[in-house]
Amino acid sequence: MMMRKNTWRTFATYWWGLPMICGLIMIPLSSWLSPSVMLEQGRTYFIYLPLAACVALLMVYDWRAFPGITTALLIRYVDKNGPETGVIVTLIYLFTLSVCWMGYRAYTQNRWSVSIGLMKMVKPRLIWLVGLMGTFFILLLQLVIGLGLLPNEVGVSVDQSFNLPALINYQAVLIGCMSSMQLFYYILRIIRQPHFAIVLLQRMKRDMAPNVTKNEIRLWFSLLILFVVLLSWPRQDPDTANILLSDYTLTLLLPLMLYGAMRFSYHLVCLTWGVTLLVLFYNYQEFVEWSNLEHNLVFITSLLLVFTLCIYLLATVTSRQRDLSEKTSKASLLDPVLVLPNLRALQRDLAHYPRSIICFIRIPELDMLSRNYGMQWRIEFKQRLASTLRHHLGVTEDIYHLPGYDLVLRIECDQAEERVNELYKITQSFRMIWNGFPIHPQFGFSWCMVLPPVMHLHMLLGELSTIAEISLTSGRPESTLQVNSHVQSEIKAKVSMLHRIQSALDGDNFVLMAQPIQGIRGDSYHEILLRMPDSNGNLLSPNSFLPVVHEFGLAYQLDLWVLTHTLKFMQQNRDTLPGCRFAVNLSPSSLCRPGFSHLVHQLLQEHEVEPFQLVFEVTESHLLHNIKYAEIALIELRNLGCRIAIDDFGTGYASYSRLKEIQADIVKIDGSFVRNMLTNPIDAQIVRSICQVARLKHLSIVAEYVEYEEQREALKLQGVDYMQGYLIGKPQPLATLLSARTEVKPPIVGSDDVSL
């Protein structure tokens, strides 16, 4: 069997084999099929097919087709017109074919043999294989006949170069090359590879518009056959022809063929049109008026030439558009980097199946690992994990990439829990070797069953993401059936709170509160606290909405709102509250934001507020997010003249080490140590230790949660400079400072005892 295949491959490839046989058969056959008429000036063709057959041979066999073409032409013309005439005509053919084929090959490089109908090849094929080839061929024949080297009986030429039969022959060559080249090309491909017939049928089916029906194709073919029959119907009286049996019906073919070009395959339309032209020109007597035959033939052939060009171009363009549309549709369902189905593909697949199980895979450490190992590691990790999981998925199941660091599986509902547990074990055992080291991040796994239509897929995936976080702790796959109500209530509460926060930001509905911080030397300032009204007008504490603010990335906007409105209050009430000072809390996203200190400087100048009137409080744990940028921002703010306070000191990590590194002015002892310092020796020792270290750093000390006189006296003994708590004063709306201005003493500017 292998020997037979090799023998056939050799026979079909070498010039002396199939290319020679096809040339010897195809060229005489094309000459016999070419419809023509004998006029007074000589034979005139309607469609000249031998040149189209030669081009088709070159399209299939390249230069290996020339021996077969040469032999077939010599046999045909030497036997018909003698040796001298046969050699001259053969040379004209070979020269025309060689020049145009070399130009075409030079223009298209190695893409000369791509499929007929490809949009990029339309221009070079129309120029080199139709326009220039037909023009060179006719001009050379006319030139040689004009020199008396050839008799007029050769065909496709007349003794007068510029007359109507010459124009008809020229148009016949162009029509033949344009309309019949595909027909011969497909025949040759099927002879060379019989399997190509099935491929051609598949291409025809694939290139059709998606919504084409069989009835539509039947109707189109029925109308085409009807028009061809009307045009070919024998006339009883040529002088009294019916309008439906005349050349007027010919023009109806154009809209019909254009419709087919837009709806059906390029291959089907071009083959059909090539056969239609042959049938029509073989029956030209029935729709061409004989009273002025030459003029009518010129008009009809030129008309059909334009029809052929329009049909050819429109079929190519529409087939290309459908192909691009299909590719674009497929590309829209794939992630271009990971080459995995995306969220849109998941939504489509969920709608196609009656029931599905969605498995959400959460990889929280992927971001941190990609920062250390690079972006390529993250891409390969997800690709390898997806490849591993695909080996355990069914034909209709798939894995999908989500924006971020998560993956989603869609599996069938049969034995759901067993399948989920199996897939979970596979993810837990997955290891990726990178630079010789096995890497295995944690996986969170959640799942649920869905029925189409899935109207709120994005919310469902958000819920599954939250449940996958629970799976990281529980060490098992979690389903919505187990924690559904709890998670849904949390998600709804978060979304509701997010809408309130955004509405409060947009409508300036936040409320600024001020709590006094009293110095033991008589000076004081106030800390700005934030409250948000709920739907009933009650003020919500920051613990109710700040977690949502940080989770959804609104911390910087909120900090900017507080700072701007605080400075605006100071500017508007400068006469009533001269020299007032306020402490404003900063979040990590604000502190580490490039250009934040420059923005503070602009706001201070805009509101004409001195920098010493502002104290920025930074929670100790916030400094750990990005210590480098935090230190730069704190230095720049201090250089402006603002004061820096470390808030909630003692509750973060490596507190004393951080205190040694950070350049600050104030330390605020966390209230959890102050509250029980009188009854808990450990808390008392912590407060004493903080005060000792702060004095060594020459920092002012603020104690929070001071509620009793005994606490204040004990803190004074420890060297605390400022007190804050209900004993000193409760948070009040910022506007109340105006009515109580006499109770607020101005700061002692320039005193060495006051470091604030």
Side-chain angles (χ1 to χ4, degrees), residues 510-532 539-546 549 555 558-570 573 577 579-587 590-591 600 609-622 634 637 642-651 664-675 694 699-707 711-712 715 720-738 740-741 743-747 754-756:
F510 282 105
V511 177
L512 293 180
M513 309 288 285
Q515 185 176 22
I517 302 177
Q518 184 70 45
I520 61 173
R521 299 172 184 84
D523 61 318
S524 64
Y525 65 101
H526 290 78
E527 180 181 2
I528 297 297
L529 303 174
L530 194 63
R531 300 290 186 269
M532 186 179 72
L539 296 181
L540 300 175
S541 66
N543 294 335
S544 303
F545 58 86
L546 281 185
V549 168
L558 192 60
D559 287 350
L560 188 60
W561 188 94
V562 172
L563 179 60
T564 303
H565 283 74
T566 301
L567 295 176
K568 187 181 297 184
F569 175 83
M570 297 169 70
N573 301 282
L577 299 172
C580 60
R581 292 180 299 167
F582 293 101
V584 178
N585 289 276
L586 286 183
S587 63
S590 301
L591 186 63
V600 171
V609 175
E610 295 297 329
F612 77 87
Q613 295 180 262
L614 277 184
V615 178
F616 289 106
E617 293 190 2
V618 182
T619 303
E620 176 198 356
S621 59
H622 289 175
L634 292 178
L637 290 174
C642 302
R643 298 294 183 262
I644 304 299
I646 300 179
D647 197 11
D648 299 335
F649 186 80
T651 59
D665 304 285
I666 304 168
V667 170
K668 297 187 71 174
I669 304 174
D670 188 71
S672 61
F673 304 120
V674 175
R675 182 184 291 113
L699 301 177
S700 296
I701 306 170
V702 178
E704 299 177 328
Y705 285 53
V706 180
E707 299 176 351
Q711 289 175 329
R712 179 162 63 177
L715 291 168
V720 173
D721 301 297
Y722 293 88
M723 311 287 181
Q724 181 181 7
Y726 282 2
L727 179 65
I728 308 302
K730 295 182 179 181
Q732 298 293 332
L734 196 57
T736 59
L737 296 181
L738 300 176
R741 63 185 181 279
E743 301 178 8
V744 181
K745 298 181 180 180
V754 182
S755 60
L756 183 60

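If you read the sequence from its start, that first residue is 1, and numbering goes on from there.
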Heavy-atom side-chain contact between [X] and [Y] under 4.5 Å:
{"X": "E704", "Y": "D647", "answer": "yes"}
{"X": "P733", "Y": "M513", "answer": "yes"}
{"X": "Q515", "Y": "Y726", "answer": "yes"}

How long is the straight-line distance from [atom2] of [Y] back to [atom1] of [X], given to the nearest 0.5 Å?
{"X": "S587", "Y": "D559", "atom1": "OG", "atom2": "CG", "answer": "3.5 Å"}
{"X": "H565", "Y": "L560", "atom1": "NE2", "atom2": "CG", "answer": "10.0 Å"}
{"X": "E610", "Y": "R581", "atom1": "CD", "atom2": "CZ", "answer": "13.0 Å"}
{"X": "L634", "Y": "L591", "atom1": "CG", "atom2": "CG", "answer": "5.0 Å"}

I644 and side-chain contact (heavy atoms from CB on, under 4.5 Å): which partner among L637, L586, V615?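 The passing option is L637.
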For S541 and N543, does a side-chain donor sit closer than 3.5 Å to a side-chain acceptor?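 Note: S541 and N543 side chains miss the donor-acceptor criterion.
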Mind checking salt bridge (charged side-chain N to carboxylate O under 4.0 Å, His left out) for R712 and listing every partner two or more places apart, or none if nothing turns up?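 If we apply the salt bridge (charged side-chain N to carboxylate O under 4.0 Å, His left out) test to R712, skipping adjacent residues, the hits are E709.
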Tell me whether the rings of Y525 and Y722 are parallel (<30°), tilted (30 to 60°) or perpendicular (>60°).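 Y525 and Y722: perpendicular rings.
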Is the ring pair F582/H526 parallel, tilted or perpendicular, if the boundaries are 30 and 60 degrees?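 F582 and H526: tilted rings.
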Within the side chain of Q732, is there an N or O that forms a donor-acceptor pair under 3.5 Å with the backbone of A514?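 No; judged by distance alone, with no hydrogens or angles, the pair does not exist.
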Can you name the side chain to side chain donor-acceptor pair (under 3.5 Å) partners of T566, sequence neighbours left out?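 So T566 forms no side chain to side chain donor-acceptor pair (under 3.5 Å) with any residue.
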